[in-house]
Amino acid sequence: MAFVSQFARRGLSTSSSLNAKIQEVIVIGGGLMGAGIAQVAAQTGHKVTLVDISQQVLDKSNARIAESIKRVAKKQFKDDADGAGKFIDSSLANMNIATTANEALLTADLVLEAVVENMALKQKLFAEYDQIAPAKTIFASNTSSLPISEIASSSSRPDRFGGLHFFNPVPVMKLLEVVRIPETSDETFDAMVAWGKAMKKMTVDCKDTPGFIVNRLLVPYLMEAVRLVERGDASAKDVDLAMKLGAGHPMGPFELADYVGLDTNKFIMDGWSARFPDEPLFRQSEMLNKMVAENKLGKKTGEGFYKY
Ligand SMILES: CCCCCCCC(=O)CC(=O)SCCNC(=O)CCNC(=O)[C@H](O)C(C)(C)COP(=O)(O)OP(=O)(O)OC[C@H]1O[C@@H](n2cnc3c(N)ncnc32)[C@H](O)[C@@H]1OP(=O)(O)O
Ligand SMILES: NC(=O)C1=CN([C@@H]2O[C@H](COP(=O)(O)OP(=O)(O)OC[C@H]3O[C@@H](n4cnc5c(N)ncnc54)[C@H](O)[C@@H]3O)[C@@H](O)[C@H]2O)C=CC1
């Protein structure tokens with residue numbers, strides 16, 4: 001069966017010449033997603049700089065990356081300890097960590113942002129980087145829910161801007177959503193798709209719509225699960241068991257929410273409920289808001305819907 005993709009349409013062309021191939025990458029935000037993206041970039045032979053304002057976060061992420069690379073190596077080089085060792089060493093050698101992007105910006109092919117889900121912060125960072133990065137540098141956001149167009153409006157290069165949305169845990173999840181805005185040039189879009197493939201991900205194309213493909217379906221589902229428990233219709237544990245055994249999901253919605261981070265869930269709901277006040281699927285949840293206020297953010301703080 002052949003589909004004709006409406007997203008494969010040709011967009012604007014750019015006057016600035018891009019590198020055909022993305023080789024040097026800066027990942028901004030060294031938390032859950034940034035660390036995973038940087039790890040996979042390093043594993044697939046890219047030179048990568050992982051940037052976070054917090055040295056403590058970087059140290060923690062470094063340790064998590066080292067652990068995760070070992071798991072990947074064990075899987076890829078089952079009975080080949082020598083091959084596994086070389087893979088780990090070369091991956092780690094491809095990676096730098098830093099508390100500022102300034103030096104790496106001078107030569108980067110791609111700046112991929114994965115800081116907290118906050119429009120003002122994302123815009124501020126790209127406005128700054130726009131002043132330093134060369135014309136060839138593509139800018140992209142890993143945002144879960146914010147409009148790429150609005151983030152891109154803070155830079156002077158919307159033709160070299162797009163969304164590259166990865167999934168958690170990045171070393172395991174095979175999908176990458178590649179999002180283009182009307183201004184994204186064909187060269188930029190093609191370079192982003194090619195990079196996704198170089199990262200060994202399957203790519204899907206999507207317009208700049210709330211939640212793109214996966215989160216437009218997943219977030220309302222999660223919120224419906226929370227509302228179900230808020231109404232007292234079932235316990236979180238039973239909902240999770242039901243969705244795992246009855247729908248074949250690897251995690252139930254509450255396990256997944258804890259895994260993703262309840263703060264990230266709340267950032268998404270805050271944004272969508274403000275932007276789309278008439279959409280009942282995007283309504284806020286008192287239970288979720290209370291848990292975030294109590295710093296019960298899920299796995300990362302040791303407690304969310306479950307204790308860890
Ligand atoms: C919620 C709605 C709100 C959305 C908010 C925004 C979020 C977004 O913008 C987009 C998202 O990311 S949505 C989340 C997408 N992720 C999921 O749905 C994950 C669902 N869970 C799973 O797939 C498995 O439980 C999982 C793979 C995690 C773990 O699998 P298992 O339970 O079977 O546990 P393991 O046996 O430990 O792992 C299975 C294999 O994977 C390897 N592995 C796991 N974590 C790893 C990691 N961090 N690094 C490297 N390898 C890793 C593990 O080694 C194992 O491999 P095998 O031994 O070969 O099977
Ligand atoms: N958690 C998830 O499962 C997924 C999250 N996303 C998106 O990825 C982005 C990051 O999410 P997470 O990694 O979960 O968040 P996180 O909270 O684990 O990491 C965000 C990091 O950004 C850093 N940061 C804050 N301000 C900064 C600045 N000015 N410069 C550099 N670093 C700064 C923080 O110190 C923190 O380490 C968000 O936009 C989120 O919506 C996308 C896919 C999945």
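When a ligand or atom number is given, it counts from 1 through the structure's own listing order. Predicted, not measured: the structure shown is a model, and the values here were computed from it. For reference, positions follow the sequence shown, starting with 1.
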Among all the protein's non-hydrogen atoms, which is closest to [atom], and how far away is it?
{"atom": "atom 8 (C) of ligand 1", "answer": "N215 ND2, 3.4 Å"}
{"atom": "atom 2 (C) of ligand 1", "answer": "L218 CG, 3.8 Å"}
{"atom": "atom 43 (N) of ligand 1", "answer": "V172 CG2, 3.3 Å"}
{"atom": "atom 50 (C) of ligand 1", "answer": "S68 OG, 3.1 Å"}
{"atom": "atom 11 (C) of ligand 1", "answer": "F167 CD2, 3.4 Å"}
{"atom": "atom 40 (C) of ligand 1", "answer": "K75 NZ, 4.2 Å"}
{"atom": "atom 37 (O) of ligand 1", "answer": "R71 NH2, 2.9 Å"}

Does only the side chain of [X] get under 4.0 Å from ligand 1, or the backbone, or both, or neither? Count heavy atoms.
{"X": "M173", "answer": "side chain"}
{"X": "N265", "answer": "side chain"}
{"X": "K74", "answer": "neither"}
{"X": "Y221", "answer": "neither"}

Enumerate the pairs of nitrogen or oxygen atoms, one from ligand 2 and one from the protein, separated by less than 3.5 angstrom; state names and distance to 0.1 Å.
from, atom 1, to, atom 2, distance (Å)
ligand 2, 1 (N), V260, O, 3.0
ligand 2, 3 (O), N168, ND2, 3.4
ligand 2, 6 (N), S144, OG, 3.1
ligand 2, 8 (O), N142, ND2, 3.1
ligand 2, 13 (O), L32, N, 3.3
ligand 2, 13 (O), M33, N, 2.8
ligand 2, 18 (O), L32, N, 3.0
ligand 2, 35 (O), D52, OD1, 2.7
ligand 2, 35 (O), D52, OD2, 3.3
ligand 2, 37 (O), D52, OD2, 2.7
ligand 2, 39 (O), V115, O, 3.2
ligand 2, 39 (O), E117, OE1, 2.5
ligand 2, 39 (O), K122, NZ, 2.8
ligand 2, 41 (O), E117, OE1, 2.9
ligand 2, 41 (O), S144, N, 3.4
ligand 2, 41 (O), S144, OG, 2.8

Examine the side chains of D130 and S156 and answer whether a donor and an acceptor come within less than 3.5 Å of each other.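 Note: D130 and S156 side chains meet the donor-acceptor criterion.
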Does a donor on one side chain and an acceptor on the other come within less than 3.5 Å for K124 and S154? no
contact_flag V214 ligand 1 heavy-atom lt 4.0 Å: no
Please confirm whether H165 comes under 4.0 Å of ligand 1, counting heavy atoms of the residue only.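 Distance cut 4.0 Å: H165 passes for ligand 1.
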In Å, rounded to the nearest 0.5 Å, how long is the span from NZ of K296 to NZ of K307? 7.5 Å
Does this structure show an ion pair linking [X] with [Y], if we count only N-O contacts that are shorter than 4.0 Å?
{"X": "E224", "Y": "R227", "answer": "yes"}
{"X": "K122", "Y": "E117", "answer": "yes"}
{"X": "E67", "Y": "R71", "answer": "no"}
{"X": "E150", "Y": "R275", "answer": "yes"}

Is there a protein heavy atom less than 4.0 Å away from [atom]?
{"atom": "atom 25 (O) of ligand 1", "value": "yes"}
{"atom": "atom 29 (C) of ligand 1", "value": "no"}
{"atom": "atom 60 (O) of ligand 1", "value": "no"}
{"atom": "atom 19 (C) of ligand 1", "value": "yes"}
{"atom": "atom 34 (O) of ligand 1", "value": "no"}
{"atom": "atom 45 (N) of ligand 1", "value": "yes"}
{"atom": "atom 15 (C) of ligand 1", "value": "yes"}

Is it the case that atom NZ in K244 sees more than 12 heavy atoms from other parts of the structure closer than 6.0 Å? yes
Other residues, nucleotides, ligands: >12 heavy atoms within 6.0 Å of Q284 CD: yes
On a heavy-atom basis, I'd like to know which of A35, P250, G261 is closest to atom 23 (O) of ligand 1. P250
For N168, counting its heavy atoms only, list the atoms of ligand 1 lying under 4.0 Å from any of them. 12 (O), 14 (C), 15 (C), 16 (N), 17 (C), 19 (C)
